[in-house]
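First the structure, in the form of C-alpha cells, and then the observations on it.
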Amino acid sequence: MNALTQALATYIAQPDLGTRESEAIAIARQGMTDTIAVALAGHQEPVTRIAMEYARSTLQSGTQSAPLWFGGATLPSPQAAFVNGVAGHALDYDDVALSGHPSTVLTPAILAEAHARGASGAECLRAYVVGYEVWAELASRESDPYHIKGWHPTAVFGTVAATAALAYLRKLPASDIVRALAISASLASGLVANFGTMTKPLHAGRAGALAFEAVTLAGLGLSAANDALEHHAGFLAALSPHGHVDRERPYRPGVPHILATRLSIKKYPVCYSGHRVIDAVLDIANAENLDAAKVAHITLGIGPAQASMLRNAAPVTALEAKFSAQFAVAAALMRRKVGLAELNDEFVNESAMHELYRKVAVEIVETPDPEDAAFALYDTVTIEMQDGRIFRSGEIRYARGHAHLPLNEADLRTKFDDCLAVWRAQAGTNAAAIPSAGTLYDRLTSLAQIDNIRTLFGN
C-alpha cells in the first residue's frame, strides 16, 4: 500500500515548489484577493452575523487574537478563520477549483495563523500553494463526482487542505503532520443537501476552524492512524461515490497542482454549476433583444451533479435562488444580468420570475468533463419564443472567468471594487475607517512583499 499520508506529510514539512514557484504564488495571490473582496461584501449577510455571534459565545481568555477582515474586531485565530470563512462563502461569489472553493477555506485559516505568528506575506502564499497541493492530490484520485453521493468537497477536502497549510506555517515535523492530517480526515464533513441554506457557508468556516483543532491536537500528541487517507476504511475510500478511487498511486511531488488546475473566478454570485447557462442566455438575449414575456420555453442541458446542486426549481428566497437553474435563466432574461442586486427575496418572488421558472426544463448531459467530474463536458441552452423562433447556444465548454477563459485585469478589478462598495455602503458612519479599494487592492497585489501580515489591514 502506498504510504500516501506519510508522503504528503513529508512534502508539507519541506515543500519544493520548483522553478515555477512565482507563477504558483501569483495564482494563490489572486485567490486570496478575490476571497477577501467577497468576504467584505458578505460581512452583513445573516449567516455571517450568526457565525460572529456564535464565535463570540465560544471565546476563551488568553488566546492569540486575529482580525476579522471587516469592522476592526479581533477573535482567537480559529474563530477568526471561522467567521471570515463564512463571510467569504456567504454570497457564493468566491472562486472555484477542484469541484469546490479552495480559497474561502485556505485564505481565512492561513491569514489567522499568520497574524498570530507575524508571518510574512510570502509565507502565507506558500502555505496556500501547499494546502492546494494536498487538496488537489487527494481529489485527483477520484473519477466520480462527490456531489452525487452528497459530499461537499469544500468542506471535506478543505479541512484536510487547511490543516496542511497550518502545519506548514507552524513548521511541524513530518511525524506530527501525519497525525494532523489523520485527525483532520476524521473531522471533515459537509453535505450537498444543505446547499441553498446558511449551512453551506458554514462548511467553509468550519473547515478552516477545524484545521486549527487538528494541528493543535497533533502538536499535543494526540494519536491517529498513519494511513488514515489511503486505508481501505480511510478518508478517500469513505468519500468515494462508487469505490473507484485510486488509493495505490504513489505521491511524487513535482510541478504544483495549482499550475495545472488553477482557479476560476466567479463572474456571478450564484452556484458555479449555472454559470455556463447564464453566459449563454445573456449572449442570446442580448444578441436577439429578447422580450422575456414572449419566451415560450427554455431547455437546459447540464450534468447530473450540476442538476443535483441546482436543486431549487421554484426558489422563494435569495439563498435558494443561488442554487436554482431556473432563477439563473430568469434573471438573465429579465434583467440581462445576474449580480448582487438580483439576489434579493423581492426579485426572486416577482410574478414574472415565477412565470419564467415554470418554463425552464432541465435535461441531463451524461458525458462528464474530464477536467472536473462535477460538470458535464458542455452545457446547452435552447430558447423557444411564442412566435416560433428557436435560439440554440451550441455546446458551451467554459464559463467566463474559468481558468481556461479567465477574466481580464479590468474585470477582476471591477469585481473587487464592487465588493468593497457593498462593504462601504453597509459601514455607515464607520465608512471613513475603511481603506480605499485602491489601497487595499495594492496591498493585496503586493502581498509577497509584506514582511508581517499584521500590517495587511492596518493592524
Worksheet item: Does any non-hydrogen side-chain atom of Leu236 lie less than 4.5 Å from one of Leu4?
Response: yes
Worksheet item: So, His404 versus Glu371: side-chain donor-acceptor pair below 3.5 Å or not?
Response: yes
Worksheet entry | Ala55: side-chain contact (heavy atoms from CB on, under 4.5 Å) partners, not counting sequence neighbours | Leu75, Gln79, Phe82, Val83
Worksheet item: Can you check whether Glu320's main-chain N or O pairs, donor with acceptor, with Thr317's side chain at less than 3.5 Å?
Response: yes
Worksheet item: What pairs meet the side chain to side chain donor-acceptor pair (under 3.5 Å) rule with one or both residues in residues 177-191, with sequence neighbours excluded?
Response: Asp176-Arg179
Worksheet item: Are the side chain of His275 and the backbone N or O of Tyr268 linked by a donor-acceptor pair below 3.5 Å?
Response: yes
Worksheet item: What is the distance from atom OG of Ser175 to atom CD of Gln6, rounded to the nearest 0.5 Å?
Response: 10.0 Å
Practice prompt. Tell me, with the steps shown, if Thr74 and Leu68 meet side-chain contact (heavy atoms from CB on, under 4.5 Å).
Written response: CA-CA 6 Å; Thr74 59; Leu68 298 181; over 6 Å; no
Worksheet entry | Interatomic distance, Leu444 atom CG to Leu456 atom CG [nearest 0.5 angstrom] | 5.5 Å
Discussion item. Quick one, Ile25 and Leu447 - any side-chain contact, counting heavy atoms below 4.5 Å?
Written reply: no
Item to complete: Calculate, to the nearest 0.5 Å, the distance between atoms CG and CG belonging to Leu217 and Leu210 respectively.
Response: 10.5 Å
Worksheet item: Is there a donor-acceptor contact under 3.5 Å from the side chain of Thr107 to the main chain of Thr104?
Response: no
Practice prompt. State whether the number of non-hydrogen atoms from other residues, nucleotides or ligands found under 6.0 Å of Asp451 atom CG is greater than 12.
Written response: no
Worksheet entry | Donor-acceptor under 3.5 Å (Thr216 side chain, Glu213 main chain) | no
Discussion item. Whether the Thr5 and Glu230 side chains hold a donor-acceptor pair (N or O, under 3.5 Å, no angle test) is what I'd like checked.
Written reply: yes
Discussion item. Tell me which pairs pass salt bridge (charged side-chain N to carboxylate O under 4.0 Å, His left out) where either residue lies in residues 141-165, with sequence neighbours left out.
Written reply: Glu137-Arg141
Fill in: Contacts of Asp372 that satisfy salt bridge (Lys or Arg N to Asp or Glu O under 4.0 Å) - sequence neighbours left out
none
Discussion item. Filter on salt bridge (charged side-chain N to carboxylate O under 4.0 Å, His left out), then keep only pairs touching residues 118-134, sequence neighbours left out; what's left?
Written reply: Glu21-Arg126, Glu123-Arg126, Glu123-Lys171
Discussion item. Please check this pair: side chain of Gln306 against backbone of Gly274, looking for a donor-acceptor N/O pair closer than 3.5 Å.
Written reply: no
Fill in: side-chain hydrogen bond (donor to acceptor under 3.5 Å, both in side chains) partners of Gln14, counting only residues at least two apart
none
Worksheet item: Would you say the side chains of Arg247 and Ser240 form a donor-acceptor pair under 3.5 Å?
Response: no
Fill in: Reported OH-to-CG distance for the pair Tyr398 and Asp369, which is rounded to 0.5 angstrom
6.5 Å
Practice prompt. Indicate the atoms forming the closest heavy-atom contact of Arg56 with Ala73, along with that distance.
Written response: NH2-CB, 3.7 Å
Fill in: Shortest non-hydrogen contact from Ala162 toward Gly208
CB-CA, 4.4 Å
Worksheet item: Which residue pairs pass the salt bridge (charged side-chain N to carboxylate O under 4.0 Å, His left out) test with at least one member in residues 98-114, sequence neighbours excluded?
Response: Glu113-Arg117, Glu113-Arg170
Worksheet item: Do you know the tightest heavy-atom contact between Leu172 and Ile177?
Response: O-CD1, 3.4 Å
Discussion item. Within this structure, what is the CD1-OG1 distance for the pair Ile450 and Thr455, rounded to the nearest 0.5 Å?
Written reply: 5.0 Å
Worksheet item: Hey, does the side chain of Asn226 reach the backbone of Val178 with a donor-acceptor pair shorter than 3.5 angstrom?
Response: no
Discussion item. Salt bridge or not between Lys415 and Asp411? Use side-chain N to carboxylate O under 4.0 Å.
Written reply: no
Worksheet item: Are the side chain of Ser264 and the backbone of Ala97 linked by a donor-acceptor contact shorter than 3.5 Å?
Response: no
Worksheet item: Considering only heavy atoms from C-beta outward, does the side chain of Phe327 approach that of Asn312 to under 4.5 Å?
Response: no
Discussion item. Quick one, Leu166 and Phe212 - any side-chain contact, counting heavy atoms below 4.5 Å?
Written reply: yes
Fill in: Contact summary for Ala318 and Leu343, nearest pair of heavy atoms
O-CD1, 3.5 Å
Response to the item:
d(Arg424 CZ, Asp417 CG) to nearest 0.5 Å is 10.5 Å
Practice prompt. For side-chain contact (heavy atoms from CB on, under 4.5 Å), just list the numbers for Tyr441 and Leu420, CA-CA rounded to whole Å, side-chain angles, deciding distance to a tenth of an Å, and then say yes or no.
Written response: CA-CA 10 Å; Tyr441 193 80; Leu420 262 68; over 6 Å; no
Fill in: Closest non-hydrogen atom pair, Val96 against Pro102
C-CD, 4.3 Å
Discussion item. Is the ring pair Tyr128/Tyr132 parallel, tilted or perpendicular, if the boundaries are 30 and 60 degrees?
Written reply: parallel
Worksheet item: Are the side chains of Val86 and Met52 in touch, meaning some heavy atoms are under 4.5 Å apart?
Response: no
Practice prompt. Determine whether Val316 and Asp345 make a side-chain contact, defined as any pair of heavy atoms from C-beta on separated by less than 4.5 Å.
Written response: no
Worksheet entry | Where at least one partner belongs to residues 165-185, residue pairs that pass ring pair (Phe, Tyr, Trp, His ring centres under 6.0 Å), sequence neighbours excluded | none
Worksheet item: Does any pair with a residue in residues 260-279 pass salt bridge (charged side-chain N to carboxylate O under 4.0 Å, His left out), and if so which ones, sequence neighbours excluded?
Response: Glu23-Arg262, Asp92-Lys266, Arg276-Asp379, Asp279-Arg400
Worksheet entry | Shortest non-hydrogen separation from Ala374 to His147 and the atoms involved | CB-ND1, 3.8 Å
Practice prompt. Give a yes or no answer on whether the side chain of Asp246 reaches the backbone of Arg249 with a donor-acceptor pair at less than 3.5 Å.
Written response: yes
Fill in: Stacked cation flag Arg311 on Phe195, 6.0 angstrom / 45 deg
no
Practice prompt. Using only heavy-atom distances, determine whether the side chains of Asp94 and Ser103 contain a donor-acceptor pair under 3.5 Å.
Written response: no
Would you be so kind as to tabulate the donor-acceptor pairs closer than 3.5 Å made by side chains of residues 151-159, with sequence neighbours excluded?
{"unit_1": "Trp151", "atom_1": "NE1", "unit_2": "Leu239", "atom_2": "O", "d": "3.4"}
{"unit_1": "His152", "atom_1": "ND1", "unit_2": "His203", "atom_2": "ND1", "d": "2.8"}
{"unit_1": "His152", "atom_1": "NE2", "unit_2": "Thr154", "atom_2": "OG1", "d": "3.1"}
{"unit_1": "Thr154", "atom_1": "OG1", "unit_2": "His101", "atom_2": "N", "d": "2.9"}
{"unit_1": "Thr159", "atom_1": "OG1", "unit_2": "Ala155", "atom_2": "O", "d": "2.8"}

Worksheet entry | Ser273: side-chain hydrogen bond (donor to acceptor under 3.5 Å, both in side chains) partners, not counting sequence neighbours | none
Practice prompt. With sequence neighbours excluded, give me every side chain to side chain donor-acceptor pair (under 3.5 Å) pair touching residues 39-48.
Written response: none
